[in-house]
Amino acid sequence: MILWLLLVLLIASEAALGLRQGAVRVAVSFVGILFGALLAVPLGHLLARALPIFGIKDPVLTWSLAPVIVFLIISAIFKGIAAPLHKKVDVHFKYRASDLRLALWERISHRLGLCLGVLNGVAYAILLSYVIYVSSYATYQVASSGNDPAWMRGLNRLGADLHQTGLAKIGRSLDSIPDQTYAMVDLGALLYRNPLAQARISRYPAFLALGEKPEFQALGQNDFLAAWQNQEPILSFINQPQILAIRNNPALLQTVWGTVAADLDDFRAYLDTGRSAHYDPVKILGRWNFNVNGAMMAKRRASPNIPSSEMQKIKRWMVAAFAKTGIVAKPDQTLTLNELPVLKSGGNNQTMQGEWKELQSNRFLLTFPGLEFPVTVDNDRMTAKVEGTDLVFDREE
């Protein structure tokens, strides 16, 4: 296996380097490896905040690069300490000790350096197993057949070897990444592999507020949907302009992460069943579109003697006036009422922000600036009477 060959070469090269450098430098380097491994993650979190100053803004890149940079810096510091320390010991034996002691020291230094070099190689092999385990966990799930770059295919091959050899247990034992982070990676891979889930994603109540942001509305553009449905390679997919607009907005990414993480299990169940144990009991939540035919039937029931010619006029007016009218009811008890006609005085349609309050299990009070009316929700239909006009909305499917 490639992984075994890589690890053997790594340990052998470190052993040869230890034989050449001697015990002092290799021992100090080993201490540097230990300190670097222990401090890479905690100090990496601090460094990740500073990387955007140097133009590295991608959250995945900052998250992965910061610990590596910290490890390399700490290792370099200890190697810098090792050089003068080795020189000091070397000068002592060359100029202050007998030739016999010098020969004995050089012999034991090189042999001990060889042993410590093997130890360094094993330490690097363990850390490499951890890096491969974490990195390949995501890349393996979103791999394409032959369309990915060589580095990604190589990483996935090493990840497969890691599991086949059982070394994945070593990588997992060092892992301090929360299980929720892995669950989020699983979710991302699931969504990438299932573009038909797009409709359900947009209807999940927790995402209704996000769906009103222009960055997420752009995800409905045909070019992005085509790239998703055609399963373009992941690196090409995440570099779509619509995705880049989200990736380059740290505050929005933090909002998305917090929204998804808070309802992760419920969201996964919703993707599978279309049902949300968390949000379904609140019947008003969701997107509601105006139903012209439903409103006409309500008008006919309220005024059974109205002439057909008058009904035709009302219908033509409704079709034109309410073409884009809809309600978005969000879990934080806020509302967006889109394109509502000014019913009595006429005028341009208006979009208003408001709030909803539950009166009973299926009755809610909607409050907007200068406008307040109750609605009744019956399964997937919402009805109301506003300024004498019957309004009927159907839940978006």
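- Partners of Y133 according to the side-chain hydrogen bond (donor to acceptor under 3.5 Å, both in side chains) rule, which considers only residues two or more places apart in sequence or in another chain, do not exist here.
- S109 places a side-chain N or O within 3.5 Å of a backbone atom of A23 that can act as its donor or acceptor partner.
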Could you go step by step and tell me if K330 and L285 meet the side chain to side chain contact (heavy atoms under 4.5 Å, CB included) rule? CA-CA 6 Å; K330 291 160 274 191; L285 296 179; 5.6 Å; no
Go through the steps to decide whether Y192 and W228 satisfy the test ring-ring contact (aromatic ring centres under 6.0 Å, His included), and finish with yes or no. CA-CA 7 Å; Y192 170 67; W228 192 1; 8.6 Å; no
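- T336 and Q353 share a donor-acceptor pair across their side chains, judged by distance under 3.5 Å alone.
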(request) List the steps and the verdict of ring-ring contact (aromatic ring centres under 6.0 Å, His included) for F267 and F207. (result) CA-CA 10 Å; F267 180 49; F207 299 156; 4.9 Å; yes
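- Checked by atom type and distance alone, the side chain of T165 pairs as donor or acceptor with a backbone atom of D161 at under 3.5 Å.
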For a side chain to side chain donor-acceptor pair (under 3.5 Å) check, start with the C-alpha distance between E339 and T325, then their side-chain angles and the critical distance, and finish with the verdict. CA-CA 5 Å; E339 299 288 335; T325 302; over 6 Å; no
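- Nearest approach of V142 to R193, heavy atoms of both residues: C-NH2, 3.3 Å.
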_Under the criterion side chain to side chain contact (heavy atoms under 4.5 Å, CB included), I'd like the reasoning laid out for Q333 against E355: C-alpha separation, chi angles, the key distance, then a yes or no._
CA-CA 6 Å; Q333 292 191 297; E355 298 178 348; 5.6 Å; no
Next item on the list: Could you walk me through whether F30 and L116 pass the side chain to side chain contact (heavy atoms under 4.5 Å, CB included) test, one step at a time?
Entry: CA-CA 8 Å; F30 178 71; L116 291 174; 5.8 Å; no
| request: Let me see the working for K299 and D390 under salt bridge (Lys or Arg N to Asp or Glu O under 4.0 Å), right down to the final yes or no. | output: CA-CA 6 Å; K299 180 70 173 177; D390 291 300; 5.9 Å; no
Requested in this report: Show your reasoning for whether side chain to side chain donor-acceptor pair (under 3.5 Å) applies to S144 and Q231.
Outcome: CA-CA 8 Å; S144 303; Q231 291 288 278; over 6 Å; no
Between F224 and F237, does the ring-ring contact (aromatic ring centres under 6.0 Å, His included) criterion hold? Intermediate values first, please.
CA-CA 8 Å; F224 174 77; F237 180 75; 5.4 Å; yes
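- Here the side chains of L191 and L271 are in contact, with some heavy-atom distance below 4.5 Å.
- A donor-acceptor contact shorter than 3.5 Å links the side chain of D266 to the backbone of A277.
- The other residues sharing a hydrophobic cluster with L9 are L5, where clustering joins ILVMFWY side chains under 4.5 Å apart.
- Within the 4.5 Å cutoff, no side-chain heavy atoms of T367 are placed close to those of K357.
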Practice prompt. Tell me, with the steps shown, if D186 and Y137 meet side chain to side chain contact (heavy atoms under 4.5 Å, CB included).
Written response: CA-CA 9 Å; D186 294 339; Y137 187 89; 2.9 Å; yes
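- No donor-acceptor pair under 3.5 Å is formed between the side chain of R25 and the backbone N or O of K79.
- Ion pairing between D175 and R172 holds under the 4.0 Å rule for side-chain N and carboxylate O.
- Counting heavy atoms from C-beta outward, L167 and I170 have side chains that approach closer than 4.5 Å.
- Salt-bridge check for E358 with K283: failed, with every basic side-chain N at 4.0 Å or more from each acidic carboxylate O.
- Separating the CG atom in D380 from the CG atom in N291 is a distance of 12.0 Å, to the nearest 0.5 Å.
- For the atom pair E14 CD and Q21 CD, the distance stands at 8.5 Å (nearest 0.5 Å).
- Residue R157 holds its CZ atom at 13.0 Å from CG of L162, rounded to the nearest 0.5 Å.
- L340 has its side chain out of reach of I327: every pair of non-hydrogen atoms, C-beta onward, lies at least 4.5 Å apart.
- Heavy atoms only, all atoms of each residue included: S75 and G32 are closest at OG-O, 4.2 Å.
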Residues E215, Q242; criterion side chain to side chain donor-acceptor pair (under 3.5 Å); working and verdict:
CA-CA 7 Å; E215 293 89 346; Q242 296 87 343; over 6 Å; no
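- In this structure, CD1 on I314 lies 7.5 Å from OG on S303, to the nearest 0.5 angstrom.
- Side-chain contact between L219 and I243 is present, with heavy atoms from C-beta onward closer than 4.5 Å.
- A distance-only check finds no donor-acceptor pair linking the side chain of T389 to the backbone of K385 [under 3.5 Å].
- The only option from K94, K87, K88 that meets the salt bridge (Lys or Arg N to Asp or Glu O under 4.0 Å) definition with D90 turns out to be K94.
- S29 places none of its side-chain heavy atoms less than 4.5 Å from the side chain of F78.
- Between R381 and D394, at least one side-chain nitrogen of the basic residue sits less than 4.0 Å from a carboxylate oxygen of the acidic one, meeting the salt-bridge criterion.
- A donor and an acceptor atom, one from each side chain of R247 and N239, are located under 3.5 Å apart.
- A donor-acceptor pair is defined here as one N or O able to donate and one able to accept, closer than 3.5 Å; such a pair exists between the side chain of R287 and the backbone of S202.
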inquiry  = Before you tell me yes or no, could you show the steps for N156 and T139 under side chain to side chain donor-acceptor pair (under 3.5 Å), namely the whole-Å CA-CA distance, both residues' side-chain angles and the distance that decides it to 0.1 Å?
reply    = CA-CA 7 Å; N156 290 338; T139 58; 2.6 Å; yes
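- Residues V134 and Y130 form a side-chain contact, since some pair of their non-hydrogen atoms from C-beta on lies under 4.5 Å apart.
- For D378, the side-chain hydrogen bond (donor to acceptor under 3.5 Å, both in side chains) test picks out no residue, with sequence neighbours left out.
- Looking at every heavy atom in both residues, P233 comes nearest to N147 through CG-CB, 3.6 Å.
- Y270 and Y204 have tilted rings, their planes meeting at an angle from 30° to 60° on a 0 to 90° scale.
- Counting only distance, with no hydrogens or angles, the side chain of D332 and the backbone of T334 share a donor-acceptor pair below 3.5 Å.
- Contact of the L127 side chain with the F71 side chain is registered, since non-hydrogen atoms from C-beta on lie closer than 4.5 Å.
- Rounding to the nearest 0.5 Å gives a distance of 11.0 Å between CG of L19 and CG of L112.
- Among F364, W356, F393, the single residue meeting the side chain to side chain contact (heavy atoms under 4.5 Å, CB included) criterion with V375 is F364.
- Note that CG of L43 is 5.5 Å distant from CD1 of I74, once rounded to the nearest 0.5 Å.
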